[in-house]
J.: 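I'd like to ask you about the structure that follows.
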Amino acid sequence: MKDSASSNQQRESLIREWIVRFAVNADKALDAETQAVYLTMWTEGFADVDSDRLLAAFVTCIRSHTYKTMPTIGDVRQHLTKAEVCATNLEAEQKWQQVLAFAQSTSPDYAGRPIRIKEQTRAAINAAGGLDWIRDCPADELQWAKKRFVESYEQWTALGKNKFLLPDGEIKNLLADAAQMKALP
């Protein structure tokens with residue numbers, strides 16, 4: 001509980017500082033009452049955003065906000081959304097490179113212990129045509145497999161499908177092992 005209160009105070013302090021910065025940037029004088037209104041609105045509007053992400057959004061917003069008005073909560077949130085999309089895209093690209101390297105280094109008749117692949121990655125592999133297709137497809141088709149993989153990987157996060165999955169850990173591993181023992185040959 002203490003961490004939450006500390007985090008809220010840190011976020012409120014950050015918001016208070018940036019309200020003043022945005023006002024100076026917009027050449028707008030803020031009296032104490034107007035500043036308090038902004039603080040209340042922005043504290044509520046950014047309650048779900050951690051301080052580090054909020055600071056990055058504020059910095060990006062002030063660099064791109066060229067007109068002489070205070071930015072809105074929506075203006076700042078656009079920068080959060082863009083950053084999240086870029087991060088998801090980068091993660092998908094990196095995951096594609098890992099899957100491609102694995103597929104190309106694995107024999108089609110690989111009989112070793114089955115590897116564990118997260119559900120999001122498995123869905124993206126299936127969308128791309130499967131590991132066999134990724135490994136054996138013609139070079140001119142690989143770009144389309146990658147496109148399908150990346151789109152599926154990004155949609156998984158956008159649709160929030162991972163919110164209802166068990167987090168990685170001992171319980172998930174025990175359930176996976178039990179399911180493996182019960183699986184049909």
Side-chain angles (χ1 to χ4, degrees), residues 7 11 45-67 71-185:
S7 176
R11 185 182 315 106
F46 297 118
D48 62 326
V49 182
D50 65 69
S51 296
D52 293 337
R53 289 180 50 229
L54 190 56
L55 175 60
F58 284 158
V59 169
T60 306
C61 186
I62 204 164
R63 288 179 180 162
S64 65
H65 196 76
T66 56
Y67 39 93
T72 64
I73 292 170
D75 292 334
V76 176
R77 279 200 170 274
Q78 283 181 346
H79 296 288
L80 284 172
T81 303
K82 287 178 188 174
E84 289 167 354
V85 166
C86 289
T88 302
N89 187 274
L90 178 62
E91 181 183 348
E93 292 282 337
Q94 290 172 339
K95 189 57 73 172
W96 166 256
Q97 293 302 323
Q98 291 173 351
V99 167
L100 180 62
F102 176 79
Q104 291 175 339
S105 68
T106 304
S107 168
D109 55 0
Y110 177 69
R113 184 169 185 244
I115 60 167
R116 293 190 186 206
I117 300 174
K118 290 186 177 185
E119 194 64 31
Q120 180 178 12
T121 307
R122 185 176 308 282
I125 290 169
N126 291 340
L131 281 175
D132 291 338
W133 175 251
I134 293 170
R135 177 185 51 253
D136 298 332
C137 76
D140 61 331
E141 293 290 322
L142 196 57
Q143 65 181 338
W144 301 113
K146 176 183 177 182
K147 182 178 187 302
R148 291 188 304 270
F149 178 94
V150 169
E151 286 174 352
S152 174
Y153 196 91
E154 290 173 346
Q155 286 176 353
W156 184 275
T157 302
L159 295 174
K161 289 185 176 180
N162 55 347
K163 290 182 181 176
F164 304 107
L165 297 177
L166 285 173
D168 289 337
E170 186 177 350
I171 293 174
K172 185 175 182 178
N173 293 339
L174 289 171
L175 288 172
D177 291 341
Q180 186 68 30
M181 289 189 301
K182 299 286 184 180
L184 296 173

J.: So how far is it from I62 CD1 to D75 CG, rounded to the nearest 0.5 Å?
T.: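 Here the interatomic distance stands at 12.5 Å.
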J.: With sequence neighbours left out, write down each residue that passes side chain to side chain contact (heavy atoms under 4.5 Å, CB included) with L55, or none if nothing qualifies.
T.: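 Partners of L55 by the side chain to side chain contact (heavy atoms under 4.5 Å, CB included) criterion, ordered by chain and then number, come out as L14, W18, V59.
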J.: Of all heavy-atom pairs between S7 and S51, which one has the smallest distance, and what is that distance?
T.: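 Heavy atoms of S7 and S51 come nearest at O-OG, 4.1 Å.
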J.: With sequence neighbours excluded, what pairs up with N126 under the side-chain hydrogen bond (donor to acceptor under 3.5 Å, both in side chains) test?
T.: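 If we apply the side-chain hydrogen bond (donor to acceptor under 3.5 Å, both in side chains) test to N126, skipping adjacent residues, there are no hits.
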J.: What is the distance from atom CZ of F58 to atom CG of L80, rounded to the nearest 0.5 Å?
T.: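 Between F58 CZ and L80 CG, I get 8.5 Å after rounding to 0.5 Å.
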J.: Of all heavy-atom pairs between F149 and A92, which one has the smallest distance, and what is that distance?
T.: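 Looking at all heavy atoms of both residues, the closest pair is CE2-O, 3.7 Å.
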J.: If you look at every heavy atom in S152 and A127, which pair is closest and at what distance?
T.: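 Minimum heavy-atom separation between S152 and A127: CB-CB, 3.6 Å.
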J.: Listed by chain and number, what are the side chain to side chain contact (heavy atoms under 4.5 Å, CB included) partners of W133, not counting sequence neighbours?
T.: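 Residues passing side chain to side chain contact (heavy atoms under 4.5 Å, CB included) with W133: C137, P138, E141, A145, R148.
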J.: Atom CG of D136 and atom CG of L142: how far apart are they, to the nearest 0.5 Å?
T.: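 Between atom CG of D136 and atom CG of L142 there are 11.0 Å.
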J.: Where is the tightest heavy-atom contact between V49 and R11, given as atom of each residue plus distance?
T.: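 Taking every non-hydrogen atom into account, O-NE, 2.8 Å.
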J.: Could you note down all residue pairs passing salt bridge (charged side-chain N to carboxylate O under 4.0 Å, His left out) where residues 93-105 supplies at least one of them, sequence neighbours left out?
T.: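 Matches after skipping sequence neighbours: E93-K146.
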J.: Do L131 and V99 touch side chain to side chain, with heavy atoms closer than 4.5 Å?
T.: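 Yes, at least one pair of side-chain atoms sits under 4.5 Å.
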J.: Return yes if some donor-acceptor pair links the side-chain N/O of S105 with the main-chain N/O of F102 below 3.5 Å, else return no.
T.: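 Yes; at least one donor-acceptor contact below 3.5 Å.
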J.: If I take atom CD from residue Q94 and atom OH from residue Y153, how far apart are they, to the nearest 0.5 angstrom?
T.: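 The OH atom of Y153 is 9.0 Å from CD of Q94, to the nearest 0.5 Å.
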J.: Going by the rule side-chain hydrogen bond (donor to acceptor under 3.5 Å, both in side chains), which residues pair with S64 if we only count those two or more places apart in sequence or in a different chain?
T.: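 With sequence neighbours excluded, S64 shows a side-chain hydrogen bond (donor to acceptor under 3.5 Å, both in side chains) to H79, given in chain and number order.
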J.: Output all residues satisfying salt bridge (charged side-chain N to carboxylate O under 4.0 Å, His left out) with R77, sequence neighbours left out; order by chain, then residue number.
T.: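 Once residues adjacent in sequence are excluded, the partners of R77 under the salt bridge (charged side-chain N to carboxylate O under 4.0 Å, His left out) criterion are D48.
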J.: Return the set of residues passing side-chain hydrogen bond (donor to acceptor under 3.5 Å, both in side chains) with Q78 (not counting sequence neighbours), or none when no residue passes.
T.: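 Once residues adjacent in sequence are excluded, Q78 has no partner under the side-chain hydrogen bond (donor to acceptor under 3.5 Å, both in side chains) criterion.
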J.: Please identify each residue that fulfils side chain to side chain contact (heavy atoms under 4.5 Å, CB included) with D50, with sequence neighbours left out.
T.: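 With sequence neighbours excluded, D50 shows a side chain to side chain contact (heavy atoms under 4.5 Å, CB included) to D52, R53, given in chain and number order.
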